[in-house]
Protein chains: 2
Amino acid sequence: MPRKVRTREGGRREAIASAAARLFREKGFSGTGMRDLAGSVGIEAASLYNHIDSKAALLRDICFRIADACNAHLRELEAAPGLDSLGQLEAIVRFHVRLWIERLDEVLVATNEFRSLEEPWLEHFLQERRMYMRRIEAILSQGIQEGSIRPLEPYGVVLTLMSAVRGIEFWHRSRKHVSAASLESTMVELIVDGIRNSQG
Amino acid sequence: MPRKVRTREGGRREAIASAAARLFREKGFSGTGMRDLAGSVGIEAASLYNHIDSKAALLRDICFRIADACNAHLRELEAAPGLDSLGQLEAIVRFHVRLWIERLDEVLVATNEFRSLEEPWLEHFLQERRMYMRRIEAILSQGIQEGSIRPLEPYGVVLTLMSAVRGIEFWHRSRKHVSAASLESTMVELIVDGIRNSQG
DNA sequence: CCTACCGATCGGTAGG
DNA sequence: CCTACCGATCGGTAGG
């Protein structure tokens with residue numbers, strides 16, 4: 001029942017959340033005022049609090065929505081049959097490329113502004129990120145053991161994999177020359193061929 | 001003459017600049033208060049202004065010191081004889097890796113907080129960065145033409161090259177497992193082998 | 001959803 | 001290098 005009644009309010013809440021993601025990305029969390037945010041959805045600052053709990057809650061929602069999306073994708077992948085380590089890593093890189101292309105605002109806030117999270121949320125977020133990186137490192141180590149992946153130091157490779165896609169931030173401003181599909185295939189080829197063992 | 005007399009003051013100024021880099025990195029430019037900064041060098045906020053012009057000037061100095069270092073390195077490289085395109089790109093990647101390892105605070109501030117620069121400095125900074133990327137893209141294009149570099153879309157490759165090293169940010173917190181030398185060689189091998197044309 | 005307003009904190013200045 | 005202080009802005013609340 002409540003679904004129909006609150007349709008309008010739900011729309012407003014989403015508008016606030018997505019304006020917050022854009023502003024937090026552009027000006028940072030502490031550089032964004034509630035009056036900026038209110039203005040960008042056409043109401044007064046005080047009126048925001050009919051839809052949201054606090055500025056901190058907006059940041060929390062963005063960070064954990066992204067963390068959840070990454071974890072869900074990795075869980076699916078680990079359960080999927082018929083993919084070897086290299087195939088799994090390619091899928092992870094491709095997922096990240098698409099996340100950065102399609103949801104830049106949220107991803108950048110989760111990447112750059114998470115430090116403004118309050119405890120215990122900050123610790124929780126950092127722990128999830130550590131675990132995520134360890135799971136990818138484990139896939140790498142297995143691929144190295146099996147011989148499908150070059151015998152490089154796995155931690156350094158994970159760091160490189162996960163940060164390489166951050167260049168997409170620049171692409172968003174100057175999307176003149178290159179299509180999303182071209183960018184995706186360039187990055188995936190470059191990274192995946194970098195880790196593939198061509199000796200094998 | 002003034003060199004000797006102002007030795008102490010010069011030391012204080014440097015202490016403020018380096019504390020500012022660390023705080024701007026940790027808490028962001030707008031998240032850092034002048035009272036935080038003053039406290040971290042052991043004086044009152046008002047006393048800072050005997051040594052610096054403004055908060056904005058501290059940010060400006062950090063951003064352009066890093067931009068200047070990158071431009072100077074690239075200028076040397078372009079003038080150096082006997083390096084082919086692939087060798088030049090390896091040198092660029094290695095330079096970036098070392099910059100991120102040795103001067104993390106400043107590099108991260110220049111990378112993440114430059115948006116808080118005021119005009120005309122912001123525009124100036126963005127222009128320098130655009131030009132820097134174009135010069136690297138030109139080296140890549142030439143390498144592709146010569147056959148030493150894989151025929152990938154050059155703009156996407158530049159984005160990937162320049163962002164891949166950002167993983168070093170994580171390494172700084174957990175420098176337990178891996179040495180700086182190992183990290184450097186992992187990243188350089190991964191990236192350089194990713195762009196090398198193994199067909200040739 | 002608004003007006004009116006809270007105490008806290010901001011970057012920076014005056015004056016010594 | 002300090003105390004004292006400026007006007008502006010911060011996130012958020014009261015009350016309707």
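Convention: sequence-line order gives letters A, B, ...; per-chain numbering from 1.
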Would you check if there is a donor-acceptor pair between the side chains of [Y] and [X] at a distance under 3.5 Å?
X: A:N50; Y: A:R13; answer: no
X: B:E123; Y: B:Q127; answer: no
X: A:S182; Y: B:Y155; answer: no

Indicate, with yes or no, if A:I168 and B:L126 share a hydrophobic cluster defined by side-chain heavy-atom contacts under 4.5 Å among Ile, Leu, Val, Met, Phe, Trp and Tyr. no
Protein-nucleotide distance (B:R12, atom CZ; D:dC1, atom C1'), rounded to Å: 9 Å
Is a salt bridge present between A:R115 and B:E26, judged by a nitrogen-to-oxygen distance below 4.0 Å? no
Taking B:R150 first and then A:E189, would you say they form a salt bridge - that is, a charged N and a carboxylate O separated by under 4.0 Å? yes
Report, one line per pair, each donor and acceptor closer than 3.5 Å where one atom sits in a side chain of residues 57-76 of chain B; sequence neighbours left out.
{"from": "B:R65", "atom 1": "NH1", "to": "B:E106", "atom 2": "OE2", "distance (Å)": "2.6"}
{"from": "B:N71", "atom 1": "ND2", "to": "B:A67", "atom 2": "O", "distance (Å)": "3.3"}
{"from": "B:N71", "atom 1": "ND2", "to": "B:E128", "atom 2": "OE1", "distance (Å)": "3.1"}

Does the protein touch nucleotides 3-16 of chain D at the base, only the backbone, or not at all? Give it as B, S and - per nucleotide, heavy atoms under 4.0 Å. BB-----SBBB---
Can you check side-chain contact (heavy atoms from CB on, under 4.5 Å) on A:E146 and A:L86, steps first, answer last? CA-CA 10 Å; A:E146 293 170 354; A:L86 192 65; over 6 Å; no
Strand DNA chain D in bracket notation, Watson-Crick/G-U under 3.5 Å with | for pairs to another chain: ||||||||||||||||
